[in-house]
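Just below is one structure, and these are the notes that go with it.
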Amino acid sequence: MIELVTGPIDTQNILAQVTSPEAGAVVLFLGTTRQFTSGRETASLDYECYHDMALAKLAELEAEARTKWPIVHCAIVHRTGHVGLGEASVAVAVSTAHRSAAFEAGQWLIDTLKHVVPIWKKENWSDGTSQWVHPGLEVPKEIRSEP
Amino acid sequence: MIELVTGPIDTQNILAQVTSPEAGAVVLFLGTTRQFTSGRETASLDYECYHDMALAKLAELEAEARTKWPIVHCAIVHRTGHVGLGEASVAVAVSTAHRSAAFEAGQWLIDTLKHVVPIWKKENWSDGTSQWVHPGLEVPKEIRSEP
Amino acid sequence: MKLNVKLFAAARQLAGADQLAVDLPEGSTVSDLRYRLAMEHPDLAPLLPHVLFAIGSEYVGDSKPLADAMELACIPPVSGG
Amino acid sequence: MKLNVKLFAAARQLAGADQLAVDLPEGSTVSDLRYRLAMEHPDLAPLLPHVLFAIGSEYVGDSKPLADAMELACIPPVSGG
């Protein structure tokens, strides 16, 4: 199950999708909005994606993970748009026969997702400024929130 | 949150308990009942525990994990009694600021739980026989289900 | 001195009881308890080399001295999870 | 030949547009596109050395030949998750 959603991520549905009598282990990872980063306060996040390519890359990630680990079911759901404090922006869930593969595959999926899937995060800081996050790059300048 | 429960594990409540604006990552592990083990078919499981000691050991696990990783919230819930195919017998959830600690702590908690917490699993095989599972031990004999 | 030993899982099933009363001489240890249980309950004997004992919520070693009226638990290899 | 380049995140914000039309000579490559964008859109210039380009759903290298009417996407370093 690969999805881009604009509202809250339905973790119950995700767990139901991956749970199976073929699997003895389920690992679910949620990435949630943290309030403080190096002492600076976040008010919320906004995510933007290149929709069709993001879906294609997520499907490639699942396919590649299935060549590395004996995955029973896999679900990757990313939220776009506005995400409040403490809310999940991404969910990765994997079920496998044995638990070590589920942990490894889950971690590989989220690590790789963060490097290759065309999705971008904008930090809306509590001081009213906003900033697109482009890892490895000095973001050109701080700018007021876009309208 | 440390609990021994006799009915289905409430994963939504567990996720709600561990999610926090202080955390950027949540890892939930579920151990679920697998239908086939080395080609042999399981119909269901029964879990038995030494209740007070199991709770004490689970609390010790959480305390030890908190010395190893900067855990924001931790939940460990084990189900006892009868557990059907595909259902979860155990849930371990951890939230941390960054994801690698959540994966490591989650895996350590379930690995260690399986070695030290006085809980036992009985396989109810599809052929009608039952067998307590005692790792590293030839189980004395196969016996019909207890009444 | 009189002790009570709780049994679980295969130990309970093999003994046909969820606890056993054991009478041991003063100064006995967990090691003596293990030996006495094997003598008095031959069905349990194959399991006993592999079990741990606990007092309260703590595992105790074979050299642990026992005292009258103690409650122990016989913990066969665990399989939770 | 005429190309269309979709922009995202800081690239979109710096350019003030979510896509740009670019006119390049026949035989141009992604490298030429990167250079032309920097010339025509100075606000984007600091970002361009760090972006990838994609055609369809595939990242393409700087030597990739371009063709008339292609749709490309300019992909600044991603930050999903």
Side-chain angles (χ1 to χ4, degrees), chain B residues 4 29-34 37 45-61 76-80 83 88-92 107 109-123 130-147, chain C residues 3-22 30-31 33-67 69-81:
Chain B
L4 295 168
F29 170 83
L30 299 177
T32 56
T33 304
R34 209 167 64 241
T37 304
L45 300 175
D46 280 283
Y47 284 89
E48 170 173 322
C49 72
Y50 180 16
H51 189 272
D52 291 358
M53 182 173 171
L55 285 178
K57 288 290 166 198
L58 290 173
E60 282 177 29
L61 283 190
I76 313 175
V77 178
H78 205 298
R79 181 173 175 182
T80 60
V83 180
S89 52
V90 64
V92 171
Q107 184 147 24
L109 282 165
I110 184 63
D111 287 353
T112 311
L113 180 156
K114 285 174 172 266
H115 284 106
V116 307
V117 179
I119 302 176
W120 299 271
K121 170 167 71 176
K122 188 170 67 175
E123 291 268 6
S130 290
Q131 193 173 26
W132 284 105
V133 178
H134 294 303
L137 197 55
E138 272 302 299
V139 174
K141 57 188 173 196
E142 259 175 47
I143 27 203
R144 303 295 299 180
S145 301
E146 295 176 285
Chain C
L3 308 169
N4 192 59
V5 181
K6 295 178 196 288
L7 301 177
F8 299 95
R12 181 175 53 70
Q13 193 171 9
L14 290 166
D18 60 6
Q19 47 189 323
L20 294 172
V22 184
V30 165
S31 179
L33 170 64
R34 194 189 296 270
Y35 185 76
R36 175 65 64 88
L37 284 172
M39 293 293 99
E40 294 184 357
H41 304 276
D43 282 350
L44 269 182
L47 203 58
L48 285 166
H50 306 282
V51 308
L52 295 173
F53 287 91
I55 298 174
S57 293
E58 291 305 319
Y59 290 110
V60 292
D62 267 16
S63 60
K64 174 77 177 181
L66 301 176
M70 266 185 175
E71 286 273 348
L72 289 100
C74 167
I75 313 281
V78 300
S79 52

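Note that these values count all heavy atoms, side chains included, but never hydrogens, waters or copies made by symmetry. Residue numbers start from 1 in every chain, and the chains themselves are labelled A, B, ... in the order their sequence lines are given, proteins ahead of strands.
- The shortest heavy-atom contact between P76(C) and W120(B) is O-NE1, 2.9 Å.
- For D18(C), the salt bridge (Lys or Arg N to Asp or Glu O under 4.0 Å) criterion is met by no residue, not counting sequence neighbours.
- When D52(B), L55(B), V116(B) are compared by the number of non-hydrogen pairs under 4.5 Å with chain C, V116(B) comes out ahead.
- Here the CD atom belonging to E48(B) is positioned 9.5 Å from the OG atom belonging to S79(C), to the nearest 0.5 angstrom.
- The two residues G81(C) and I110(B) have their closest heavy-atom pair at CA-CD1, 4.3 Å.
- Atom OH of Y59(C) is surrounded by more than 12 heavy atoms from other residues, nucleotides or ligands within 6.0 Å.
- Smallest separation of non-hydrogen atoms from V78(C) and P135(B): O-CD, 3.2 Å.
- Of all the heavy atoms in Y50(B) and A73(C), the pair that sits closest is CE2-CB, 3.3 Å.
- Remark: side-chain polar atoms of H78(B) are not paired, donor with acceptor, to backbone N or O of G80(C) under 3.5 angstrom.
- In this structure, S57(C) and M53(B) approach most closely via the heavy-atom pair OG-CA, 3.4 Å.
- A search for salt bridge (Lys or Arg N to Asp or Glu O under 4.0 Å) contacts involving K121(B) returns nothing, not counting sequence neighbours.
- Counting non-hydrogen atoms of other residues, nucleotides and ligands closer than 6.0 Å to NZ of K64(C) gives a total of 12 or fewer.
- With a threshold of 4.5 angstrom between heavy atoms, K57(B) approaches chain C through side-chain atoms but not through N, CA, C or O.
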